[in-house]
Structure formats: structure tokens, C-alpha cells
Amino acid sequence: MSDAAVLEALGVRVAFRRLADRYSHAIEINCGGQWTAVLESIEGTADDDWPPSPPLQELHFENRPDGTRLALLVGRAGRSHWSLSVEAAPGVSRLVFDAACRLRDVARQLGGSYRWLPAKGAP
């Protein structure tokens with residue numbers, strides 16, 4: 001994903017890409033020096049009050065003094081406001097996701113939806 005904003009941990013990363021009015025994201029792993037996407041967020045449209053994944057419309061990165069790097073995202077769908085943080089600590093093979101939603105209506109679903117991406121060459 002050459003046009004993506006990336007948050008990288010040891011051997012795993014999340015790549016954010018602008019898609020219409022929001023950011024989609026893919027979880028990638030490093031296999032033999034090559035990054036391969038294994039999960040990809042399923043996005044909705046600007047017309048969805050409850051899209052399949054949170055509509056993340058702004059993205060910012062923050063570096064902490066201990067070397068931890070964060071991706072901070074916010075967005076809105078219908079009358080609900082979403083936030084997401086993704087944390088990558090140095091030297092650790094882990095990404096930590098933390099999502100929240102301020103609801104104004106009854107939730108149809110809370111969470112994100114992903115599609116599994118088969119390995120190259122797999123049926």
C-alpha cells in the first residue's frame with residue numbers, strides 16, 4: 001500500500017488508506033521481508049447511518065516519549081460519533097485497538113467488520 005499511512009509494530013502493521021469520505025484500514029504481516037494484507041475493513045458509504053465499520057474521517061499520529069506510536073481517528077455516521085486509537089509499542093509484535101462510540105440513537109451494531117484476505121496463490 002504505497003499511498004497508505006502506516007503504523008508499524010514488530011512484523012505487523014496497520015495501513016490506513018483514504019476511501020471516499022473515510023479511512024479504510026488493512027492489517028498486514030511481514031512474510032519474508034514482504035508486507036501482506038490479511039484483514040481489510042469493510043466500509044460503508046456516506047449514506048449509511050450504521051456502516052459495517054466505524055466511519056473514520058480524520059487521522060492523526062502521535063509519538064509518545066517511551067517510543068510508543070499511536071494512530072488516532074475520529075468520525076461520524078448519522079447522529080453517532082466514533083473514535084479509534086491504534087497503539088504500536090516499540091519491539092513488540094502487537095497492535096492494540098481501542099474503539100468508542102457516542103450514541104444518540106439505538107445501535108444496530110457496534111464494532112467493525114473485516115474481510116479475510118486469502119494468501120497469494122490460495123484458492
Side-chain angles (χ1 to χ4, degrees):
M1 289 188 129
S2 60
D3 61 340
V6 175
L7 179 68
E8 190 173 322
L10 185 64
V12 62
R13 70 183 188 180
V14 59
F16 299 96
R17 177 178 282 162
R18 191 77 175 159
L19 180 66
D21 68 334
R22 67 197 65 204
Y23 285 94
S24 66
H25 61 280
I27 309 300
E28 301 177 343
I29 58 173
N30 193 317
C31 297
Q34 186 127 312
W35 289 101
T36 302
V38 293
L39 288 172
E40 174 180 75
S41 61
I42 299 172
E43 300 299 326
T45 70
D47 297 325
D48 296 331
D49 283 343
W50 286 102
S53 291
L56 304 168
Q57 296 150 335
E58 294 181 34
L59 168 64
H60 303 280
F61 289 96
E62 179 180 300
N63 296 311
R64 299 265 171 92
D66 67 355
T68 298
R69 186 163 160 84
L70 297 168
L72 304 168
L73 300 100
V74 294
R76 181 178 172 165
R79 295 175 3 125
S80 300
H81 297 262
W82 292 86
S83 65
L84 175 72
S85 68
V86 185
E87 179 181 322
V92 179
S93 185
R94 176 180 68 225
L95 297 169
V96 178
F97 287 72
D98 188 13
C101 182
R102 178 178 291 175
L103 300 171
R104 301 279 187 219
D105 297 315
V106 175
R108 292 186 199 158
Q109 74 167 25
L110 287 176
S113 298
Y114 294 86
R115 89 177 34 88
W116 181 258
L117 301 173
K120 292 179 182 174

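What you see below is based on every heavy atom in this structure, not just the backbone, and it leaves out hydrogens, waters and symmetry mates.
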Kindly determine whether Asp98 and Val96 satisfy side-chain contact (heavy atoms from CB on, under 4.5 Å), including the steps that lead there. CA-CA 7 Å; Asp98 188 13; Val96 178; 5.6 Å; no

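- Once rounded to the nearest 0.5 Å, the distance linking CG of Asn63 with CG of Leu70 reads 8.5 Å.
- Contact check for Phe16 versus Val6: no side-chain heavy atoms found under the 4.5 Å cut-off.
- Between atom CD of residue Gln34 and atom CD of residue Glu28 there is a gap of 10.5 Å, rounded to the nearest 0.5 Å.
- Closest approach of Ser53 to Ile42, counting heavy atoms only: OG-O, 2.8 Å.
- Contact annotation: the side chain of Val14 approaches that of Ile27 to within less than 4.5 Å [non-hydrogen atoms, C-beta and beyond].
- Atoms CG and OG, from Leu56 and Ser24 in turn, are 9.5 Å apart once rounded to the nearest 0.5 Å.
- The two atoms that bring Ala88 and Ala9 nearest to each other are CB-CB, 4.1 Å, heavy atoms only.
- Counting only heavy atoms from C-beta outward, the side chains of Pro51 and Arg22 approach each other to under 4.5 Å.
- Between the side chain of Ser83 and the main chain of Val74, no donor-acceptor pair closer than 3.5 Å is present.
- By the 4.5 Å heavy-atom criterion applied to side chains, Arg76 and Trp82 are not counted as neighbours.
- Listed by chain and residue number, Glu43 satisfy the side-chain hydrogen bond (donor to acceptor under 3.5 Å, both in side chains) test with Ser41 (two or more places apart in sequence, or in another chain).
- Among Glu87, Glu58, Glu62, the single residue meeting the side-chain contact (heavy atoms from CB on, under 4.5 Å) criterion with Leu72 is Glu62.
- Separating the CG atom in Asp21 from the CD atom in Gln57 is a distance of 5.5 Å, to the nearest 0.5 Å.
- Across Leu84 and Ala99, no two heavy atoms sit closer than the pair CD1-CB, 3.9 Å.
- Remark: the backbone N or O of Leu103 is not paired with any side-chain donor or acceptor of Ser80 at under 3.5 angstrom.
- Note that CH2 of Trp116 and CG of Leu39 are 5.5 Å apart. Values are rounded to the nearest 0.5 Å.
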Is there a side-chain contact (heavy atoms from CB on, under 4.5 Å) between Leu73 and Leu59? Walk through the geometry before answering. CA-CA 5 Å; Leu73 300 100; Leu59 168 64; 3.7 Å; yes

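- Both tests hold for Arg18 against Tyr23: distance to the six-membered ring centre under 6.0 Å, angle to the ring axis within 45°.
- Residues Val92 and Val86 do not share a hydrophobic cluster, defined by chaining ILVMFWY side chains whose heavy atoms lie under 4.5 Å apart.
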